[in-house]
Amino acid sequence: MSEPLVKKAYETEKKAASSYLDGLKLIKGQGLNYTKVEEIVERIAVDTVIHKHLMKAIMEAQKEMEKLNEKPIEEVREVELSPEQKALVKRFAEMHLEIEKDMIQTYEKMAEKMTHPLFKGLAEALVENEREHHRLLAELIAKYKE
């Protein structure tokens with residue numbers, strides 16, 4: 001897992017965000033409001049704040065993933081399911097297919113409305129990820145139709 005790198009990125013972005021925000025105050029204090037200098041530093045400050053929060057979210061997600069005790073793909077095996085198990089898997093997948101459909105629509109709308117390129121790109125990436133979930137669930141439903 002990339003946790004140490006993410007933690008390092010978070011700590012670096014945290015320091016950088018603080019420094020940029022302090023620098024922005026100094027720039028404005030020097031009467032450089034509404035100048036190209038302020039515009040550039042403010043843009044970088046905003047991006048850095050976003051980066052910091054994204055890294056924090058990734059760290060939290062990684063901790064949660066560890067609790068799931070993920071197995072490497074090569075350890076996953078195919079087993080024969082009973083009719084009851086097949087029905088349960090199919091119902092589970094159908095229920096979550098609706099959730100994924102809603103998330104696809106939500107992220108598509110977010111991608112349309114987002115003005116910051118980082119948020120827009122993230123929303124677009126989430127749309128593709130949710131479409132993949134939708135495809136996988138549809139495969140499960142097709143596989144266990146009986």
J.: Is the closest side-chain heavy-atom distance between Leu97 and His134 below 4.5 Å?
T.: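 Heavy-atom side-chain distance check passes, below 4.5 Å.
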J.: Could you report the tightest heavy-atom contact between Val127 and Glu108, atom names first, then the distance?
T.: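 Scanning both residues completely, I find the closest heavy atoms to be CG2-N, 3.4 Å.
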J.: Give a yes or no on this: more than 12 heavy atoms of other residues, nucleotides or ligands lie within 6.0 Å of atom CD of Glu64.
T.: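 No, CD of Glu64 has 12 or fewer neighbouring heavy atoms, counting only those of other groups under 6.0 Å.
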J.: Work out which heavy atom in Tyr20 is nearest to a heavy atom in Ala45; give both atom names and the distance.
T.: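 Scanning both residues, the minimum pair turns out to be CB-CB, 3.7 Å.
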J.: Given 3.5 Å as the limit, does a donor-acceptor pair link the side chain of Lys120 with the main chain of Ala111, or not?
T.: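 Judged by distance alone, yes, a pair lies under 3.5 Å.
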J.: Could you state the interatomic distance from OH (Tyr10) to NE2 (His53), rounded to the nearest 0.5 Å?
T.: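 Nearest 0.5 Å value for the OH-NE2 distance: 7.5 Å.
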J.: In terms of hydrophobic clustering (I, L, V, M, F, W, Y; side-chain heavy atoms under 4.5 Å; direct or indirect links), are Met110 and Met103 co-clustered?
T.: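 Same cluster.
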J.: Output the distance between atom CG (Leu24) and atom CG (Asn33), rounded to the nearest 0.5 Å.
T.: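 Between Leu24 CG and Asn33 CG, I get 9.0 Å after rounding to 0.5 Å.
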J.: Has the side chain of Glu38 got a donor or acceptor atom that lies under 3.5 Å from a matching backbone atom of Tyr34?
T.: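 Side chain of Glu38 to backbone of Tyr34: a pair is present.
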J.: Can any side-chain N or O of Ser19 pair as donor or acceptor with the backbone N or O of Lys15 at less than 3.5 Å?
T.: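 Flag not set: sc Ser19 to bb Lys15 has no pair under 3.5 Å.
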J.: Could you check Glu112 against Lys109 for salt bridge (Lys or Arg N to Asp or Glu O under 4.0 Å), going step by step and ending with a plain yes or no?
T.: CA-CA 5 Å; Glu112 288 172 15; Lys109 288 176 188 169; over 6 Å; no
J.: Treat each ILVMFWY residue as a node, draw an edge where side-chain heavy atoms are under 4.5 Å apart, and state whether Ile141 and Leu136 are in one component.
T.: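 No, separate clusters.
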J.: Rounded to the nearest 0.5 Å, what's the gap from CG on Leu137 to CG on Leu140? Could you check?
T.: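 The distance works out to 6.0 Å.
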J.: Rounded to the nearest 0.5 Å, how far does CD of Glu60 lie from CE of Met55?
T.: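 So the gap between those two atoms works out to 12.0 Å.
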J.: Would you kindly say whether His51 and Asp47 are connected by a side-chain donor-acceptor distance under 3.5 Å?
T.: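 The answer is no; no qualifying pair exists.
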J.: Measure the spacing between CG of Leu126 and CD1 of Ile104 and express it to the nearest 0.5 Å.
T.: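 Answer for the CG-CD1 pair, Leu126 versus Ile104, is 11.5 Å.
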J.: How close do Thr48 and Glu13 get, counting heavy atoms only, and between which atoms?
T.: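 Closest approach of Thr48 to Glu13: CG2-OE1, 3.2 Å.
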J.: Roughly how far, to the nearest 0.5 Å, is the NZ atom of Lys143 from the NZ atom of Lys90?
T.: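 Here the interatomic distance stands at 15.5 Å.
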J.: So Lys28 and Glu42, do their side chains get closer than 4.5 Å, heavy atoms only?
T.: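 The answer is yes; the side chains approach within 4.5 Å.
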J.: Which heavy atom of Leu32 sits nearest a heavy atom of Thr35, and at what distance?
T.: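 For Leu32 versus Thr35, the nearest heavy atoms are O-OG1, 2.6 Å.
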J.: Going through the distances and angles, do His133 and Lys101 end up as a side chain to side chain contact (heavy atoms under 4.5 Å, CB included)?
T.: CA-CA 9 Å; His133 296 171; Lys101 182 179 173 185; over 6 Å; no
J.: So that I can tick it off, tell me whether Glu128 and Arg131 are bridged by a salt bridge, with the cut-off set at under 4.0 angstrom between side-chain N and carboxylate O.
T.: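 Yes, charged N to carboxylate O under 4.0 Å.
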J.: Counting heavy atoms not belonging to Gln85, are there more than 12 under 6.0 Å from its CD?
T.: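 It does: Gln85 CD has more than 12 such atoms within range.
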J.: With a 4.5 Å cut-off on side-chain heavy atoms, are Glu39 and Lys36 touching?
T.: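 Yes, at least one pair of side-chain atoms sits under 4.5 Å.
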J.: I'd like to know if Phe92 and Tyr144 are part of one continuous hydrophobic network [Ile/Leu/Val/Met/Phe/Trp/Tyr, side-chain heavy atoms within less than 4.5 Å].
T.: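 As far as the 4.5 Å side-chain criterion goes, Phe92 and Tyr144 are not connected within one cluster.
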J.: List the steps, then state whether salt bridge (Lys or Arg N to Asp or Glu O under 4.0 Å) holds for Glu132 with Arg135.
T.: CA-CA 5 Å; Glu132 176 69 4; Arg135 184 188 65 75; 2.5 Å; yes
J.: Given side chains that start at C-beta, do those of Lys7 and Gln62 come closer than 4.5 Å, heavy atoms only?
T.: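 Side-chain contact under 4.5 Å: no.
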J.: Shared ILVMFWY cluster between Ile44 and Val41, side chains joined below 4.5 angstrom?
T.: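 Both belong to a single hydrophobic cluster.
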J.: Is Leu122 linked to Leu118 within one hydrophobic cluster, defined over Ile, Leu, Val, Met, Phe, Trp and Tyr using a side-chain heavy-atom separation of less than 4.5 Å?
T.: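 Yes, it is one cluster - the side chains of Leu122 and Leu118 are joined through contacts under 4.5 Å.
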